[in-house]
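For reference, the structure discussed in these notes is given below.
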Amino acid sequence: MSAQPARADRVARTARDATLLLRYAPLTLLPPGRQGGQPVRVWGVLVREEAPPQGQKAVEWLLLSNAPIESEEAAWGAVTAYQKRWGIEELHKALKTGCRLEGRQHEAREHLENLLALTLLTSVKLLRLRTLSRTLPDEPADAVLAPAEVQVLQAMAPQLSPRMPLQGALTLRQALLLIAALGGYMANPQKRPPGWLVLWRGYERLRDYVAGFSLAQFLSAAPPPA
């Protein structure tokens, strides 16, 4: 079970191994009120933690599926698929909040597909950076970022985050916070982690700096004019 930061409506949750009880059965959903309609046949999967640690809320998911769940293997398959929901939702947030996909106001399908293809590349990269910065925070940043991006962030680190000690290779956690700082992030990461808007804005600025850095390298290596 992954960790979760505290919020106004919940206490913080530390990462832990959870023993879960699995149940599954066919169900019939009746139409609401007196609106008419036919009953819907679905399969329900209930996952429940019977003995959570003291002070921690038990894990409990009730999943409904229109695909047959007739074996334990199929039930766990539905649970595994549901676990991918958060990653999918975060990718949608990156596209909608970060790159403002809906605000671009393209109407032609061809234009939307081209825009989606371009923004997906950055969205997946930032999602991978944010995810790994939480699970493997001390891994080198070049596991996700290009070498030029790492060089620029390291050069700008004293200006962006004077209190961040840089010893050795830039880490994933440090890279995430530096990109967020480029986007205007100034909050305490322990209380409020960077959101998609500042990450996207920061990465756009980083790409501009990398373009200038690459141009400077090219000009310095070019032979002088005759």
Side-chain angles (χ1 to χ4, degrees), residues 1-5 7 13 15 61 63 77-157 160-161 164 166 169-187 189-190 192-215:
M1 187 56 54
S2 60
Q4 283 185 345
R7 291 193 324 203
R13 184 177 73 191
W61 297 342
L63 313 178
V79 174
T80 301
Y82 181 71
Q83 288 177 314
K84 302 182 187 301
R85 166 194 160 193
W86 285 274
I88 295 171
E89 288 187 356
E90 287 300 318
L91 179 60
H92 288 166
K93 287 180 183 178
L95 287 168
K96 294 171 65 176
T97 305
C99 77
R100 304 180 300 279
L101 188 66
E102 294 178 340
R104 306 286 181 169
Q105 298 184 351
H106 290 298
E107 296 183 0
R109 175 173 176 174
E110 179 184 359
H111 297 164
L112 285 169
E113 288 177 345
N114 291 338
L115 176 63
L116 183 61
L118 292 172
T119 53
L120 267 175
L121 296 174
T122 303
S123 297
V124 169
K125 187 171 188 174
L126 288 178
L127 178 59
R128 185 164 180 250
L129 175 63
R130 199 179 79 159
T131 301
L132 292 180
S133 72
R134 295 175 177 178
T135 56
L136 299 170
D138 297 324
E139 288 296 303
D142 58 11
V144 176
L145 300 179
E149 293 172 337
V150 174
Q151 283 182 276
V152 170
L153 285 176
Q154 285 181 314
M156 299 186 68
L160 291 172
S161 185
M164 180 184 292
L166 293 184
L170 187 73
T171 68
L172 290 169
R173 171 71 172 169
Q174 291 169 334
L176 180 84
L177 294 178
L178 290 173
I179 290 174
L182 273 173
Y185 177 75
M186 300 189 323
Q190 304 301 326
R192 193 179 71 183
W196 282 117
L197 188 58
V198 295
L199 286 175
W200 191 279
R201 192 163 54 210
Y203 189 70
E204 282 187 325
R205 294 193 66 190
L206 174 61
R207 288 191 295 187
D208 291 338
Y209 283 118
V210 168
F213 173 72
S214 301
L215 178 60

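Starting from 1, each residue takes its place in the sequence as its number.
Checked by atom type and distance alone, the side chain of Arg173 never pairs as donor or acceptor with a backbone atom of Asp138 at under 3.5 Å.
Counting only heavy atoms from C-beta outward, the side chains of Tyr185 and Arg201 never approach each other to under 4.5 Å. Between Glu139 and Thr171, the closest side-chain pair of non-hydrogen atoms is not below 4.5 Å. Using a 4.5 Å cut-off on side-chain heavy atoms (C-beta onward), Leu127 and Trp196 make contact. Contact annotation: the side chain of Gln154 never approaches that of Leu178 to less than 4.5 Å [non-hydrogen atoms, C-beta and beyond]. Contact check for Leu145 versus Lys125: side-chain heavy atoms found under the 4.5 Å cut-off.
Atom-to-atom distance recorded for Arg130:CZ and Leu199:CG is 7.0 Å, nearest 0.5 angstrom. Taking CG from Asp142 and CG from Leu170, the interatomic distance works out to 9.0 Å, rounded to the nearest 0.5 Å. Here the CZ-CG distance, from Arg85 to Leu63, works out to 9.5 Å after rounding to the nearest 0.5 Å. In this structure, Arg205 CZ and Ile179 CD1 are separated by 12.5 Å, a value rounded to the nearest 0.5 Å. The CG atom of Leu132 sits 6.0 Å away from atom CG of Leu172, with the distance rounded to the nearest 0.5 Å. Leu153 CG to Ser161 OG: the interatomic distance, rounded to the nearest 0.5 Å, is 11.5 Å.
Side-chain contact annotation: Glu149 with Tyr209, donor-acceptor N/O pair under 3.5 Å absent.
For Arg207 against Thr122, the heavy-atom pair with the smallest separation is NH1-OG1, 3.4 Å.
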